[in-house]
Amino acid sequence: MTINRPGLPQDLPPAERLWGRWALIAAAGATTAAERRASAHRTGRWIDEDGLHWDDGGCTWWVMSRRGDGRYVLYGEDESSAVKWHKPPVDMLAGGPAWLPWDELRDRLSGYELGCVYWYENGAWARAPYPDTLDDDGLDCGMSALAVRAEAVELLAERVAAVADGPDADAFLAQAETGRLEDVDAFLARVRDPDGDEPDAPAVARALALGGLAGEHATR
């Protein structure tokens, strides 16, 4: 899969699949210390009650949240986006459904913090129409590591120890894409910190549950 510039709704995998990838990668890096920090002071990929987050602390930030009944919203900004600077202005919320987090999105817009918005329902992604003169909305640079499966596998492999027997990063990701890990204990035993620190298994387990991949919050 490749992502066009500007992005097209069909460039994104089904929301449930994207959620599973993102949630698993976020959970693999979860720590209790990070959980205690407010979102405004966090970087990397993580999950909290507001949804999934990706923030590199510099040029890109993204949020994906579930809105119930098979509905999701993805919004954020990468420095490559030309949407908010386009003349004439692009209405990023044009055609948006009533269930979007309108207050949050309008607040982001008022602060010139928003680069694009995509929403998902009835099994398909959508976004506002763009003018032909728009070169990029940032979706490719900002989300390709999660939207392109091979890149997502590489991200997860950084935090999953390889063993001779048992599922590898690709297999764990495939499980998450269906909505739930089949063997949570095996995943917890394999999580590693690429910097050599001891992984925080309780935090990982909490994040898995919050993402719907394990425990009482599981999606199936």
Side-chain angles (χ1 to χ4, degrees), residues 12-57 60-76 99-101 103-105 108 118-121 125 142-143 145-147 149 152-153 155-161 167 169 171-194 197-220:
L12 291 167
E16 297 84 358
R17 192 179 305 165
L18 179 60
W19 179 277
R21 293 177 191 173
W22 194 340
L24 187 63
I25 291 168
T31 66
T32 301
E35 286 176 336
R36 294 170 178 163
R37 292 198 296 269
S39 286
H41 303 294
R42 296 181 70 171
T43 58
R45 294 177 177 88
W46 73 92
I47 184 169
D48 59 22
E49 294 294 344
D50 295 325
L52 293 163
H53 302 261
W54 160 225
D55 193 324
D56 72 351
T60 196
W61 68 268
W62 297 82
V63 176
M64 183 178 181
S65 62
R66 294 183 287 200
R67 307 296 291 177
D69 300 320
R71 296 168 173 169
Y72 296 77
V73 60
L74 170 68
Y75 59 95
W99 50 263
L100 289 180
D103 289 344
E104 166 71 7
L105 295 174
R108 294 282 191 177
Y118 287 74
W119 53 87
Y120 184 91
E121 65 178 333
W125 286 101
M143 288 299 299
L146 293 166
R149 192 178 191 281
V153 171
L155 280 177
L156 185 62
E158 294 175 359
R159 291 191 170 273
V160 175
F172 281 127
L173 199 72
Q175 293 175 23
E177 289 172 331
T178 70
R180 182 171 183 174
L181 286 182
E182 295 174 7
D183 192 338
V184 175
D185 289 338
F187 183 76
L188 293 175
R190 300 272 300 283
V191 169
R192 70 181 187 92
D193 189 307
D197 294 332
E198 188 70 22
D200 190 336
V204 174
R206 288 192 295 271
L208 289 173
L210 193 58
L213 300 180
E216 61 182 296
H217 300 287
T219 56
R220 76 173 189 188

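Atom set for the values below is all heavy atoms of this structure, side chains included, hydrogens, waters and symmetry mates excluded.
Considering every non-hydrogen atom in both D56 and T43, the closest pair reads C-CG2, 4.5 Å. L156 approaches A28 most closely through the heavy-atom pair CD1-CB, 4.2 Å. Here the closest non-hydrogen pair linking A27 and L208 is CB-CD2, 3.6 Å. Nearest heavy-atom pair, G211 versus I47, reported as atom, atom and distance to 0.1 Å: CA-CD1, 3.3 Å. Considering every non-hydrogen atom in both A214 and V184, the closest pair reads CB-CG2, 3.5 Å. The minimum heavy-atom distance between L146 and I25, with the atom names listed, is CD2-CD1, 3.8 Å.
For the pair W125/L74, a side-chain contact is recorded, criterion being any heavy-atom separation below 4.5 Å from C-beta on. Between P199 and R159, every side-chain heavy-atom pair lies at or beyond the 4.5 Å cut-off. Residues R21 and L173 form a side-chain contact, since some pair of their non-hydrogen atoms from C-beta on lies under 4.5 Å apart. At a threshold of 4.5 Å between non-hydrogen side-chain atoms, the residues Y75 and E104 count as touching. Between W62 and T60 there is a side-chain heavy-atom pair separated by less than 4.5 Å. Within the 4.5 Å cutoff, no side-chain heavy atoms of V63 are placed close to those of D50. Contact annotation: the side chain of F187 never approaches that of Q175 to less than 4.5 Å [non-hydrogen atoms, C-beta and beyond]. P101 has its side chain within reach of V73: a pair of non-hydrogen atoms, C-beta onward, lies under 4.5 Å apart.
Side-chain contact, D48 with S39: a donor N or O sits under 3.5 Å from an acceptor N or O.
Within the model, atoms CZ of R42 and CD of E35 stand 7.0 Å from one another, a figure rounded to the nearest 0.5 Å. Remark: W22 CH2 to L155 CG distance equals 12.0 Å, nearest 0.5 Å. Distance check: R206 CZ to T31 OG1 gives 9.5 Å after rounding to the nearest 0.5 Å. Taking NE2 of H53 as the start and OG of S65 as the end, the distance is 8.5 Å to the nearest 0.5 Å.
Taking the centre and axis of the six-membered ring of W46, the NZ or CZ atom of R37 falls outside the cone set by 45° and 6.0 Å.
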Q | Residues Y118, M143; criterion side chain to side chain contact (heavy atoms under 4.5 Å, CB included); working and verdict | A | CA-CA 12 Å; Y118 287 74; M143 288 299 299; over 6 Å; no

Q.
Does L24 form a side chain to side chain contact (heavy atoms under 4.5 Å, CB included) with L181? I'd like the steps, not just the answer.
A. CA-CA 9 Å; L24 187 63; L181 286 182; 3.9 Å; yes

Q: Might you work through the side-chain hydrogen bond (donor to acceptor under 3.5 Å, both in side chains) test for Y72 and E16, ending with a clear yes or no?
A: CA-CA 9 Å; Y72 296 77; E16 297 84 358; 4.7 Å; no

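The main-chain N or O of E158 is found under 3.5 Å from a side-chain atom of R192 such that the two form a donor-acceptor pair. Judged by distance alone, with hydrogens and angles left aside, the side-chain atoms of R190 form a donor-acceptor pair with the main-chain N or O of A161 at under 3.5 Å.
Ion pairing of R17 with E177 is absent here, as no side-chain N (NZ or NE/NH1/NH2) approaches a carboxylate O to less than 4.0 Å.
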